[in-house]
Amino acid sequence: MTLVPGLQARDFSLASPDNSIIVNIKAEDNLCFNVSKDGDVLITDTPVGLTLDDGSIWGSGRIRNHCYVSVRDSIPAPFYRAESIAEVYNAITINFRNGCRVEFRVYDDGFAYRFVNASDRSFKIREEQAGFRFNGDYMMTVPYVKDNAGNIPAQFFNSFENLYTTCALSKMDPGRLCFLPLVADSGKHKICITETNLNEYPGMYLTVQGAGKNELKAMFANYPAKLEQGGHNNLQMLVRERENWLCEVRGERDFPWRICVIASDDASLAASNLGYLLAEPSKLEDISWIRPGKVAWEWWNAFNLTGVDFKAGKNTPTYKYFIDFAAEQGIEYIIMDEGWAVNGKADLMQVNPEVNLQEILDYARQKNVGVILWAGYYAFDRDMENVCRHYAEMGVKGFKVDFMDRDDAMMTAFNYRAAQTAAKYHLLLDLHGTHKPAGLNRTWPNVLNFEGVHGLEQMKWCDRDLDQMEYDVTIPYIRQVAGPLDYTQGAMHNANRKNFNAVYFDPMSQGTRCHQLALYMVLDSPLNMLCDTPVYYRAEPQCTAFIASVPTVWDETRIVGGRMRKWIVTARRKGSDWYVGGLTNWDSRDLDVDFSFLPEGEYLLDLFRDGVNADRKGDDYARESLTVTKNSAPLRIHLAPGGGFAMKLSPKRCGK
C-alpha cells in the first residue's frame, strides 16, 4: 500500500480484478461516483456525503492523500454457505483533511463504499446524502414497507416482511419507502443494493425521486427521542418522537458499507457473498461451542398433537413431547415459543406456572436436545445481562428474540449488544422480527438466523390470493444476498393454488411437498425449523427423515441456474455428499439437472420429485434412486405448479 499525495488529484478510477466493472470517483465540490459494467454505464454521477451537527460536510473539502490496494485472499466462513470464501478486490482510500476518509472496493461481482471517522472527536451525524442515479428507467423489484403510505416517519416502524413489487422506476410510489435489499434491472445487468455493518447506525431506505429523474434517494430514521412501551403483548418500544440527527459518534469508527452486487445473469446475484465479505470480522476466537442445526417448533402448528393423554399447550408434557420427537429424529433443538413466560408482563423471570422449566431442561439434556427460548424484544433488552446469565446457568442454549421492528441506530445497537451479551454466556441467537442480517452473522457467529422475510408463518393468516410461490423464487436473488433467513419451512399439509386457505390453527403451505423439501437446500438457515406438528411428521417418515438429515451449514454452495421470480436450482456440498434443491413459481416447468459439478466417481442419487398428481394434491410426491456420474446425461425433472425437487448424491461405496 502506497500513500499518494492528493492535493491535485480530484478524479479517481477503480476497476474490478477482471476489469468488467469500473467505478469512477469525482471529488470536486462534492464527492460522487459513477459505475459501468462491460462498458455499459449503469449508475451516473451520484453524490454522497455526511452532514455533521456543526454543519460541516464529509465528502467535500481538501484531500490529504489517497492510496490504492489490491487483495487476493480467502476468509473462513463458519456457519455459512461455504467453508471459506475467496476475497479478491481492488480498493482506494481517500483521506480528507477534516478527519474523514472514504473507501471504495470493487469486486468482480460488484462494488461498495463507506465513510470512516479517522479522528478521536465526538459528534452527531445530522443526515447522510446517498442514493443511486440510474442511467435509464430501470425495472425495479422492491419491498415496500407495509403500512402508512404517505406518512414517511411512520414507515420506519415495520417488520421487513413484505412481498416484492416489480415495475419501472418511473412507476414506483413516491409516498412509500423501500427497504433493502432491492434489485434494479437495466435490461442487460441487474444491481442488487444492500448494506452491511449497521452497528449503531440506521438502516437505509430508498424512495423514488419523481418522473424522469431515474433516481432513488436514501432516507434514514432519526434517533429515537421519546419511547413508549406497547405493541404486541407490551413487548415493543414505540417511537413517539425522534431527534433531528441519525446517530452519535464517539471517536474512531467505520460506517456502513453501501453495496451494489452487479450481475449479467440472475444466478450470479444469488451466488454473491459481498455482504459477508464486507462485514466486520468475527469478535469470537472460540466458536467451538456454537452448534447450528435443526429445530422442532410448536408455534406454527399450534400445538396440534393427537393420541396423547394430556391437553396439548404451553405446559411441561407438551414440551417433553417435542423433545422426544427431536431426539428420535436426531434434531438438535426445540424452541419454546411465546407463552413459556407469563404473557403481558415483559418479564422473562416470570415463568408460566404450567411450565416446569428446570424439569424440561433436565429432560432435554438427558435426550441430547438443546432448548431455545423465545423472548420479546423489550423483555430481553430491559434485563439482558441477568436473563442471559440466569438461563445459561439453567442449561438454556439460546434465545429467539422477536418484535424489534425497527432499524434506527438504537435498534441496530441493540442487535449488536444482544449478540455480544449472548456470546459471553455461550448462547445462540435467532433474531426474529428484525431487519436483514447486515453482516452481524460474521461479526458475531453465535447469531445464526435473522427474519426480515415473508416466511411460512404468513400462511396462517394471509389472503388466499397472495403469491408465495413467486416470492420463494425471488428471495434467493434479493433478500438472501444479505445473509441467512428465518423462513421456518417444512409444512406437511401442502395445497395447490385453488385449494389453499389461510388456517391459523391447522395451517398449510402453498405449493407442493417437494417445494417444501427443496427449501432446505435453496435457503440459507444455519438454525433451520421443522415448522409442522410431530404428528404429521411421524405420518410422513420418508420426508421427515430426509429433512432431518439435511445439513444446515455447508462446505460449498453453487447456484446451478435460475431466473428471478421464475425458478432456481441450488447445489450444496457437505463433506463428500451433495444436496440439490429446485423450486418453481406457479408455472409448471421441466428442468434439466446437469451433474458436471460432481467429482469423479459414481454417486447414488436419492430423488424426491413432484408426483404425477401434485398439481391437484400438493402432497403427492415420488421417490426414486439412480446411479449417476459427472458425465451422466442431464436428468430432466418435471416440476408441478408451485413445485420442486430435492435430491441427495452420495459417493457409491465398493460393493454397494
Participant: Is it true that Trp374 and Tyr391 have ring centroids separated by less than 6.0 Å?
Facilitator: no

Participant: Determine, for Phe160 and Arg479, whether the Lys NZ or Arg CZ falls below 6.0 Å from the six-membered ring centre while staying within 45 degrees of the axis.
Facilitator: no

Participant: Look at the side chain of Asn446 and the backbone N and O of Ala419, then say whether any donor-acceptor pair between them is shorter than 3.5 Å.
Facilitator: yes

Participant: Is a side-chain donor or acceptor of Glu298 paired with a backbone partner of Asp337 at a separation under 3.5 angstrom?
Facilitator: yes

Participant: Taking the six-membered ring of Phe380, is NZ or CZ of Arg382 closer than 6.0 Å to its centre and within 45° of its axis?
Facilitator: no

Participant: For Asn386 and Asp383, does a side-chain donor sit closer than 3.5 Å to a side-chain acceptor?
Facilitator: yes

Participant: With a 4.5 Å heavy-atom cut-off, do Arg105 and Leu278 have their side chains touching?
Facilitator: yes

Participant: Assess the residue pair Val351 and Val342 against the criterion (side-chain contact (heavy atoms from CB on, under 4.5 Å)); give the C-alpha distance rounded to whole Å, side-chain angles, the decisive distance to 0.1 Å, and a yes or no.
Facilitator: CA-CA 6 Å; Val351 179; Val342 177; over 6 Å; no

Participant: Against the six-membered ring of Trp245, is Lys124 placed for a cation-pi contact (under 6.0 Å from the centre, within 45° of the normal)?
Facilitator: yes

Participant: Side chains of Ile125 and Cys247, heavy atoms from C-beta outward: is any pair under 4.5 Å?
Facilitator: yes

Participant: Side-chain donor-acceptor pair under 3.5 Å between Asp472 and Tyr487, yes or no?
Facilitator: yes

Participant: How about Leu246 and Asn222: do any of their side-chain heavy atoms sit closer than 4.5 Å?
Facilitator: yes

Participant: Has Gln229 got a side-chain atom pairing as donor or acceptor with Asn234's backbone, closer than 3.5 angstrom?
Facilitator: yes

Participant: When the ring planes of Tyr377 and Phe414 are compared, do they come out parallel, tilted or perpendicular, using 30° and 60° as the limits?
Facilitator: perpendicular

Participant: Does this structure show an ion pair linking Arg538 with Glu328, if we count only N-O contacts that are shorter than 4.0 Å?
Facilitator: yes

Participant: Kindly assign one of parallel, tilted or perpendicular to the pair Tyr276 and Tyr80, based on the angle between their ring planes and the thresholds 30° and 60°.
Facilitator: parallel

Participant: Distance to the ring centre below 6.0 angstrom and angle to the axis at most 45 degrees; does that hold for Lys397 and Trp289?
Facilitator: no

Participant: Indicate the ring-plane relationship of Phe403 and His232, choosing parallel, tilted or perpendicular according to the 30° and 60° boundaries.
Facilitator: parallel

Participant: Look only at the side chain of Arg258 and the backbone of Tyr113, and say whether a donor-acceptor pair between them is shorter than 3.5 Å.
Facilitator: no

Participant: Can you confirm whether Pro437 sits close enough to Pro484 that some side-chain heavy atom of one is under 4.5 Å from a side-chain heavy atom of the other?
Facilitator: yes

Participant: Is the side chain of Asp555 donor-acceptor paired with the backbone N or O of Gly575 at a distance under 3.5 Å, no angle test?
Facilitator: yes

Participant: Is there side-chain contact between Val239 and Arg406, with heavy atoms separated by less than 4.5 Å?
Facilitator: yes

Participant: Does a donor on one side chain and an acceptor on the other come within less than 3.5 Å for Tyr363 and Asp324?
Facilitator: yes

Participant: Salt bridge check, Arg126 against Asp53: does any charged N sit closer than 4.0 Å to a carboxylate O?
Facilitator: no

Participant: Does the side chain of Asn415 come within less than 4.5 Å of His435's, by heavy atoms?
Facilitator: yes

Participant: If you take all heavy atoms of Glu161 and Phe179, which pair is closest and at what distance?
Facilitator: N-CZ, 4.1 Å

Participant: With a 4.5 Å cut-off on side-chain heavy atoms, are Trp300 and Lys460 touching?
Facilitator: yes

Participant: Say whether Arg572 and Thr557, considering side chains only, have a donor N or O and an acceptor N or O under 3.5 Å apart.
Facilitator: yes

Participant: Are Trp444 and Tyr416 an aromatic pair by the rule of ring centers under 6.0 Å?
Facilitator: yes

